[in-house]
Amino acid sequence: MRNFGGLMLNMERESPLQGDVLESILSHVPTIDLLPALHVSKSWRRSALSSIRRRQRRPWLLIHLISRRRRRGLFTAYDPYSHSWHTLPHVIPSPPITCHLLPLALPLQPLAATWSLLPPPLLHRHDALIGLVGSRIILAGGVCDLGDRTCAVESLSLGSSSFAWENCEPMPESLLESAAATWLATAASNSRFYVMERGSADACRLAWFDLAAGRWSPVRPVRLGSEISRISAIGMGPASHDGEDRLVIVGLTDCGQLVIWEVEPENLEIREIGSLPAEAVARIAGEGEERSPAVGFSNVGGFGFLYNLEGRGEIFACEFGDGKLSWEAIGWPPAAEEDPTAMVVFRCAEPTLDDLKSVYGQRVS
């Protein structure tokens, strides 16, 4: 006998639930709860796989909480399809993403239980910019007494047998005073690494590193309006009809609203997607916080998450497309309350069925 969704199923005979009726039922089942259905019978497996393929794909928010006191880690994830948090099992404590540590450690798979250790970078860096462009990691800038090498850029190919860092063309000299993660927001596509100043929106600048050409674009001003007090974050939006990159920019207004724009990098054509009111931004800031929060943004295509980079307040899921923005508060992972001083690392990814099975394999065998 097997208990699935409250139904006691006899594994020795085929379930009477089949075909369109079964697929309709499974379409309402959360992603993680579909895994046991793969082992009920052949017809259930076909229906479960069909349900996963047919449902709207939405990325998960992945949060690593790294204790500052106990040197241990916690990995939790939010599934927007089922509106539920999951604490992932068998997670080995992970080192924080700081470039002064040797070797560099990063989670290279969506639901990686352990972080991959990479060779040490060529330069000693702190507060560096980092992104994954295609299969190549880009590391740029930093504030560790690099001197005339502050704008230095290096890259590492994850598919190369040599697995060694290589020097790239440095960032434009005009970004010398802001060449660190504190002052530059970043986003990466399959071919480009974008950087944008977090300063006042009426004077912020944008540039990108083109991986195929091996060169940086000219630094160009992006003007979003004088009412914007500062840029908080950028991300990659859904590609245009011709396959060109589109950026999503998140900025705070003087009156406390959070505004989201879509930008065509080549021609700097700007379109406002929507905004969150000051009341929602105050919830992101957290109880008792009077200043504007340091808002982070992680997304895949037209679905993403807004959160406080300092690891407090509420998290908001947002969906955008066709010039419309919808959003909802999803709270804060319950597991994070165990250690409110933990360092928080946010990511956003679309886990595949194989990713889920690799983590929850013992539950569905």
Side-chain angles (χ1 to χ4, degrees), residues 2-7 9 22-40 44-45 47-66 73-91 94 107 109-113 276 280 283-284 286 296-308 311-320 326-340 342 344-365:
R2 182 184 290 269
N3 190 329
F4 176 73
L7 299 174
L9 302 177
L22 178 58
E23 288 198 18
S24 177
I25 294 173
L26 293 183
S27 68
H28 298 282
V29 176
T31 306
I32 198 64
D33 294 331
L34 279 175
L35 297 182
L38 300 175
H39 302 276
V40 173
W44 276 61
R45 180 179 179 83
S47 295
L49 291 175
S50 176
S51 177
I52 292 173
R53 286 191 292 266
R54 291 174 56 186
R55 67 179 48 184
Q56 181 181 7
R57 298 183 68 189
R58 288 182 173 181
W60 289 28
L61 178 64
L62 311 175
I63 303 179
H64 296 266
L65 297 116
I66 303 165
L74 179 66
F75 186 17
T76 186
Y78 179 79
D79 175 7
Y81 189 84
S82 61
H83 305 283
S84 59
W85 291 96
H86 299 278
T87 299
L88 304 186
H90 310 300
V91 176
S94 308
Q109 300 297 327
L111 302 182
L276 271 68
R283 291 165 65 181
I284 295 176
F297 176 62
S298 293
N299 74 301
V300 175
F303 194 91
F305 301 89
L306 296 161
Y307 44 80
N308 190 324
R312 59 168 65 94
E314 287 197 68
I315 299 172
F316 281 74
C318 60
E319 187 169 13
F320 49 91
S326 59
W327 48 271
E328 65 173 337
I330 64 173
W332 182 249
E337 301 299 331
E338 297 178 9
D339 186 0
V344 185
V345 179
F346 298 90
R347 295 190 294 137
C348 188
E350 293 177 329
T352 66
L353 182 61
D354 287 340
D355 291 326
L356 294 170
K357 289 168 65 177
S358 68
V359 175
Y360 289 91
Q362 292 184 0
R363 296 187 180 184
V364 300
S365 57

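The shortest distance between side-chain heavy atoms of Phe346 and Leu62 does not fall below 4.5 Å.
The shortest non-hydrogen separation linking Pro80 to Arg58 is CG-CB, 3.7 Å. For Leu38 against Ala48, the heavy-atom pair with the smallest separation is CD2-CB, 3.8 Å. Of all heavy-atom pairs between Ala329 and Glu314, the closest is CB-OE1, 3.3 Å. Scanning both residues, Phe303 and Ala317, for their nearest heavy atoms gives CZ-CB, 4.1 Å. Residues Trp60 and Asp79 share a closest heavy-atom pair of NE1-OD1, 3.4 Å. A pairwise comparison of heavy atoms in Asp355 and Glu350 identifies OD2-O, 4.4 Å as the closest pair.
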Side chain to side chain contact (heavy atoms under 4.5 Å, CB included) between Val344 and Ile63, worked out | CA-CA 7 Å; Val344 185; Ile63 303 179; 3.6 Å; yes
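Ring pair Phe75/His64 is parallel by interplanar angle, where below 30° counts as parallel and above 60° as perpendicular.
The CG atom of Leu34 sits 8.0 Å away from atom OH of Tyr81, with the distance rounded to the nearest 0.5 Å. Put simply, CD1 on Ile315 and CD1 on Ile284 are 9.5 Å apart, with the number rounded to the nearest 0.5 Å. Distance check, rounded to the nearest 0.5 Å: NE2 of His83 to OH of Tyr78 gives 5.5 Å. Atom SG in Cys348 sits 6.5 Å away from atom CG in Leu61 (nearest 0.5 Å). For the atom pair CG (Asn299) and CZ (Phe305), the distance works out to 10.0 Å, reported to the nearest 0.5 Å. If you take CG on Leu276 and SG on Cys318, they are separated by 7.5 Å, rounding to the nearest 0.5 Å.
Taking the six-membered ring wherever Trp is involved, the centroid distance between the rings of Tyr307 and Phe316 does not fall below 6.0 Å.
Judged purely by atom type and a 3.5 angstrom limit, Thr76 has no side-chain atom pairing as donor or acceptor with the backbone of Pro333.
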